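So the structure is just underneath, and the comments pick up after that.
Numbering of residues begins at 1 and proceeds along the displayed sequence. Just so it is clear, the model here is predicted, and its values are computed rather than measured.
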Amino acid sequence: MIDLPLSALEVSIVEEGATPADALRNCQSVAGQLARLGYHRLWFAEHHHSPAIGAFPPVLLAADTAATTAAMRVGSGGVLAPNHAPLTVAEQFATLAALHPGRVDLGIGRGPGTFHEPTARALRRGAEPATDDEYRADVEATLGFLGEVHFGELPEPWLLASSDAGAELAASLGLPIAFAHHIRPDNTLRALECYRAAFRPSRWSAAPRVLVCVEAVCADTEERAAELARPMDVIKAGLLNGHSETAFPTPATAAGHEFDERDGAAVAAFAAQQARGTKESIAPQLTRIAEATGADELMLVTPVFDPAARARSFELIGELRAEAG
């Protein structure tokens, strides 16, 4: 049983043979089901120039979800600060928070959201990648502008991190941290230790708050869970080899993919630190992650091909939370 709040991260998969419009409809469908299942919050990730993931602005998806659900918190996981003017981010999310008081989160991250250099440069209007100091300045400016706008209730800011540097920035600014265990699991424990040790209370949070994002694929059988997880494993193997422009494969396509020894080992090592299986087998995996990290909340990312299978995975894991009372 899982006794922590459960949330979800939507990465807007564009399935092989589908269109971005299909992906948007899938996002809407799954969002409605997450709300009915009682998930605490739903965040949307920022990505660009990928055939596998839609380039949908998180603020627009969050606004659509907020308008079509009643209680679930919505937000960004995250808005990537180097790609946007801080004042624009503050105005957008403050407006959304005014329209939906008490329900809006502003998760801020650093990466460009793309491996395609021309797209990254276009997002930065030709500028070089942000330095550590520039990133900190962008985050501080966004928080400062939030304090200056007068639209009503403010969004709740979070800092996304996958390294010690991100954890240290969150601590120094007194922000809740959303750690990307689903991206850099080897960094999780050390970074969270740094965060808690260095945390400084602020207007945004009086004490350290930790959300851990985990890749979770749950199905009615172990075989089905493995089948659903394999397409994302193929994507990960492609990234290891510099192939970032790969469509999100069908389970049938992924089943025919053969991993070489290095890729197979890397994918298996990653999977061992995430959560996959049936409801019964995934419970101890999620419990282990929660206990090791001391997480206050678990956020699940479920990058599987079929939106119905994605919703079923969230449903099964949600039952664990319900059973815990």
Point-to-point distance, once rounded to the nearest 0.5 Å, from [atom1] of [X] to [atom2] of [Y]:
X	Y	atom1	atom2	value
R276	Q274	CZ	CD	7.5 Å
H257	I235	NE2	CD1	10.0 Å
D306	L228	CG	CG	7.5 Å
H49	T119	NE2	OG1	4.5 Å
L123	T114	CG	OG1	7.5 Å
L300	C218	CG	SG	9.5 Å

Taking [X] for its side chain and [Y] for its backbone only, find out whether a donor-acceptor pair lies under 3.5 Å.
X	Y	answer
T250	T253	yes
R103	V74	no
S281	G277	no
R110	A130	yes
N26	I13	no
D296	L211	no
S313	R310	no

Answer yes or no: is there a side-chain heavy-atom contact under 4.5 Å between [X] and [Y]?
X	Y	value
L42	V30	no
L286	V214	yes
I2	T287	yes
P82	E134	no
S7	W43	no
M232	V304	no
D220	R312	yes
L106	S76	yes

- Task: Before giving the answer on side-chain contact (heavy atoms from CB on, under 4.5 Å), spell out for I289 and Q285 the whole-Å C-alpha distance, their side-chain angles and the decisive distance to 0.1 Å.
- Result: CA-CA 6 Å; I289 293 169; Q285 298 174 54; 5.6 Å; no
List, one per line, each side-chain donor-acceptor pair under 3.5 Å for residues 177-186, sequence neighbours excluded.
| unit_1 | atom_1 | unit_2 | atom_2 | d |
| --- | --- | --- | --- | --- |
| H181 | ND1 | T188 | OG1 | 2.7 |
| H181 | NE2 | Q273 | O | 2.7 |
| D186 | OD1 | Q273 | NE2 | 3.1 |

- Message: Taking salt bridge (Lys or Arg N to Asp or Glu O under 4.0 Å) as the definition, give me every residue that meets it alongside R73, ordered by chain and number, with sequence neighbours left out.
- Response: D105
- salt bridge (Lys or Arg N to Asp or Glu O under 4.0 Å) partners for R25, two or more places apart: D22
Tell me whether [Y] is reachable from [X] by hopping between hydrophobic residues (I, L, V, M, F, W, Y) whose side-chain heavy atoms are closer than 4.5 Å.
X	Y	result
M72	L6	yes
L154	L99	no
L9	L239	yes
M299	V11	yes
V149	V59	yes

Are [X] and [Y] close enough for a salt bridge, meaning some N to O gap below 4.0 Å?
X	Y	result
E156	R41	yes
E117	R121	yes
K279	E315	no

Which heavy atom in [X] sits nearest to a heavy atom in [Y], and how many Å separate them?
X	Y	answer
A8	L34	CB-CD1, 3.8 Å
A290	L298	CB-CD1, 4.3 Å
F248	V14	CB-O, 3.6 Å
F56	L61	CB-CD1, 3.7 Å
A295	R196	N-NH2, 4.2 Å
V267	F259	CG2-CE2, 4.4 Å

- Query: Hey, mind stepping through L169 and Y135 against side-chain contact (heavy atoms from CB on, under 4.5 Å) and telling me if it holds?
  - Reply: CA-CA 10 Å; L169 178 58; Y135 174 51; 3.5 Å; yes
- Message: What verdict does the side-chain contact (heavy atoms from CB on, under 4.5 Å) test give for K236 and F270, after you've listed the backbone C-alpha separation in whole Å, the side-chain angles of each residue and the deciding distance to 0.1 Å?
- Response: CA-CA 10 Å; K236 291 189 186 82; F270 174 85; 3.1 Å; yes
- Note on the structure: Across all chains, not counting sequence neighbours, the side chain to side chain donor-acceptor pair (under 3.5 Å) partners of E193 are none
- Do E140 and R136 pass the salt bridge (charged side-chain N to carboxylate O under 4.0 Å, His left out) test, and can you show the C-alpha distance, the side-chain angles, and the key distance before you say yes or no? CA-CA 6 Å; E140 289 180 330; R136 182 187 182 99; 3.0 Å; yes
- Query: Can you check side chain to side chain donor-acceptor pair (under 3.5 Å) on T68 and Q28, steps first, answer last?
  - Reply: CA-CA 9 Å; T68 55; Q28 291 174 317; over 6 Å; no
- Centroid separation W158 to W204 less than 6.0 Å: no
- Query: Between L192 and V212, does a side-chain contact (heavy atoms from CB on, under 4.5 Å) hold up when you go through it step by step?
  - Reply: CA-CA 10 Å; L192 292 180; V212 174; 4.1 Å; yes
- Item | Steps toward salt bridge (charged side-chain N to carboxylate O under 4.0 Å, His left out) verdict (E297, R209) | CA-CA 9 Å; E297 182 175 337; R209 292 174 59 199; 5.4 Å; no
- Under 6.0 Å from the CZ atom of R262, do we count more than 12 heavy atoms belonging to anything else shown? yes
- Please lay out, stage by stage, how T302 and E215 fare under the test side chain to side chain donor-acceptor pair (under 3.5 Å). CA-CA 6 Å; T302 304; E215 184 179 300; over 6 Å; no
- Begin with the C-alpha distance, continue with both residues' side-chain angles, and end with the deciding distance and a verdict on salt bridge (charged side-chain N to carboxylate O under 4.0 Å, His left out) for R321 and D3. CA-CA 6 Å; R321 177 69 182 85; D3 61 0; over 6 Å; no
- Item | Summary of side-chain hydrogen bond (donor to acceptor under 3.5 Å, both in side chains) pairs that have at least one residue in residues 30-40, sequence neighbours excluded | S29-Q33
For a quick test of your reading: what N or O donor-acceptor pairs under 3.5 Å do the side chains of residues 84-97 make, sequence neighbours left out?
| unit_1 | atom_1 | unit_2 | atom_2 | d |
| --- | --- | --- | --- | --- |
| H84 | NE2 | E46 | OE1 | 3.1 |
| H84 | NE2 | E46 | OE2 | 3.2 |
| T95 | OG1 | E91 | O | 2.7 |

